[in-house]
Peer 1: 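Got a structure for you, questions after.
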Amino acid sequence: MTRLIFCLICIFLGLILSFSVQAQETELVKDYAIGFHGATPAFGGISFRYCGLAPVYLQTVGRFILLDQESDHMLGAGVSYAIFEKQTRLNIARLYFALQGGWRYKTEGTLQTTTLGAGLAFGGELVFSLGGIPLGLNLEIGQGFGRENTSTESNPMAGVYVGAGIHAYF
């Protein structure tokens with residue numbers, strides 16, 4: 001059984017790599033991207049990125065979750081500046097600094113929590129073609145700060161965060 005699973009994984013990876021090689025002439029420079037991005041479970045969701053002002057990139061992240069008496073909403077935005085960008089036939093690699101901020105509103109029963117946060121991050125992104133679709137993977141690390149307010153108290157927050165995302169460019 002484990003050999004069968006191993007063979008299926010190898011076949012799947014082989015197909016992905018063959019599609020990537022066949023699509024190497026795909027135009028990787030696009031103006032828009034949509035995907036998922038998050039720094040923590042608190043700040044993450046569906047992401048929309050605008051790349052038409054390169055080397056400046058604009059991004060929004062959001063989510064809206066309703067579960068019976070509980071809810072969890074988040075909205076964030078960021079602007080990044082690429083300090084290094086290298087484009088080849090097969091990929092685009094960039095290093096950037098990003099200034100990001102976010103708002104989260106969460107209810108659990110009668111407890112309501114509002115969180116505001118901001119941070120400065122350093123990150124990298126690799127854009128490559130997967131089956132003819134430009135796909136970007138990014139990873140960033142930064143310093144964040146903010147404030148969490150509940151109905152009974154207000155607490156400052158600060159710390160290091162690690163964010164990651166995946167985007168399809170169109």
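Note that these values count all heavy atoms, side chains included, but never hydrogens, waters or copies made by symmetry. Every value quoted in this text rests on a predicted model; they were computed, and no experiment measured them.
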Peer 1: Which residues, ordered by chain and number, are linked to Phe64 in its hydrophobic cluster, where ILVMFWY side chains connect at heavy-atom gaps below 4.5 Å, directly or through other members?
Peer 2: Leu66

Peer 1: To the closest 0.5 Å, what do you measure between CD1 (Ile141) and CD (Gln143)?
Peer 2: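 Rounded to the nearest 0.5 Å, the CD1-CD separation comes out at 9.5 Å.
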
Peer 1: Do we see a donor-acceptor contact under 3.5 Å between the side chains of Ser80 and Gln59?
Peer 2: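 Looking only at side-chain atoms, Gln59 and Ser80 do not form any donor-acceptor pair under 3.5 Å.
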
Peer 1: Val79, Ile34: one ILVMFWY side-chain cluster at the under-4.5 Å cut-off?
Peer 2: yes

Peer 1: Is atom CD1 of Ile46 surrounded by more than 12 heavy atoms (other residues, nucleotides or ligands) closer than 6.0 Å?
Peer 2: no

Peer 1: If every non-hydrogen atom of Val61 is compared with every non-hydrogen atom of Gly44, which pair is closest and at what distance?
Peer 2: CG1-C, 3.9 Å

Peer 1: List the atom pairs, with distances to 0.1 Å, where a side-chain N or O of residues 110-119 and a protein N or O form a donor-acceptor pair under 3.5 Å, not counting sequence neighbours.
Peer 2:
| residue | atom | partner | partner atom | Å |
| --- | --- | --- | --- | --- |
| Gln112 | OE1 | Tyr105 | OH | 3.4 |
| Gln112 | NE2 | Tyr105 | OH | 3.3 |

Peer 1: Looking only at heavy atoms, what is the nearest atom pair of Ala82 and Tyr57, with distance?
Peer 2: CB-CE1, 3.9 Å

Peer 1: Search all heavy atoms of His167 against all heavy atoms of Ser47 and return the closest pair with its distance.
Peer 2: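 Looking at all heavy atoms of both residues, the shortest contact is NE2-OG, 2.9 Å.
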
Peer 1: When the ring planes of Phe170 and Tyr32 are compared, do they come out parallel, tilted or perpendicular, using 30° and 60° as the limits?
Peer 2: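 Answer is parallel, since the angle falls under 30°.
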
Peer 1: Decide yes or no for Arg49 and Lys30: does some side-chain heavy atom of the first lie under 4.5 Å from some side-chain heavy atom of the second?
Peer 2: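 No, side chains not in contact.
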
Peer 1: To the closest 0.5 Å, what do you measure between CG (Leu53) and CG (Asp31)?
Peer 2: 8.5 Å

Peer 1: Would you say the side chain of Phe128 lies within less than 4.5 Å of the side chain of Leu137, judging by non-hydrogen atoms?
Peer 2: yes

Peer 1: Work out which heavy atom in Gly132 is nearest to a heavy atom in Pro134; give both atom names and the distance.
Peer 2: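 For Gly132 and Pro134, the tightest heavy-atom pair comes out as O-CD, 3.7 Å.
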
Peer 1: If you count every heavy atom of other residues, nucleotides or ligands that lies below 6.0 Å from Phe122 atom CZ, does the total exceed 12?
Peer 2: yes

Peer 1: Hey, quick one: are Leu58 and Phe97 part of the same hydrophobic cluster, counting side-chain heavy atoms closer than 4.5 Å, chains of contacts allowed?
Peer 2: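 Shared cluster, yes.
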
Peer 1: Ring pair (Phe, Tyr, Trp, His ring centres under 6.0 Å) with Phe36: which residues, sequence neighbours excluded?
Peer 2: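 If we apply the ring pair (Phe, Tyr, Trp, His ring centres under 6.0 Å) test to Phe36, skipping adjacent residues, there are no hits.
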
Peer 1: From Arg63 CZ over to Asp72 CG, what is the distance, rounded to the nearest 0.5 angstrom?
Peer 2: 4.0 Å

Peer 1: Does any non-hydrogen side-chain atom of Arg147 lie less than 4.5 Å from one of Asn149?
Peer 2: yes

Peer 1: Does Glu148 reach the side chain of Lys106, with side-chain heavy atoms less than 4.5 Å apart?
Peer 2: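 A side-chain contact is absent here, since even the closest heavy-atom pair is not under 4.5 Å.
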
Peer 1: At their closest point, which heavy atom of Ser71 faces which heavy atom of Thr107, and how far apart are they?
Peer 2: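 Closest heavy-atom pair between Ser71 and Thr107: OG-OG1, 2.8 Å.
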
Peer 1: Identify the heavy atoms of Leu139 and Tyr96 that sit nearest to each other, and give their distance.
Peer 2: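 Nearest pair, atom of Leu139 first, then Tyr96: O-OH, 4.2 Å.
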
Peer 1: I'd like to know if Tyr50 and Val56 are part of one continuous hydrophobic network [Ile/Leu/Val/Met/Phe/Trp/Tyr, side-chain heavy atoms within less than 4.5 Å].
Peer 2: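 Yes; Tyr50 is reachable from Val56 via cluster members.
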
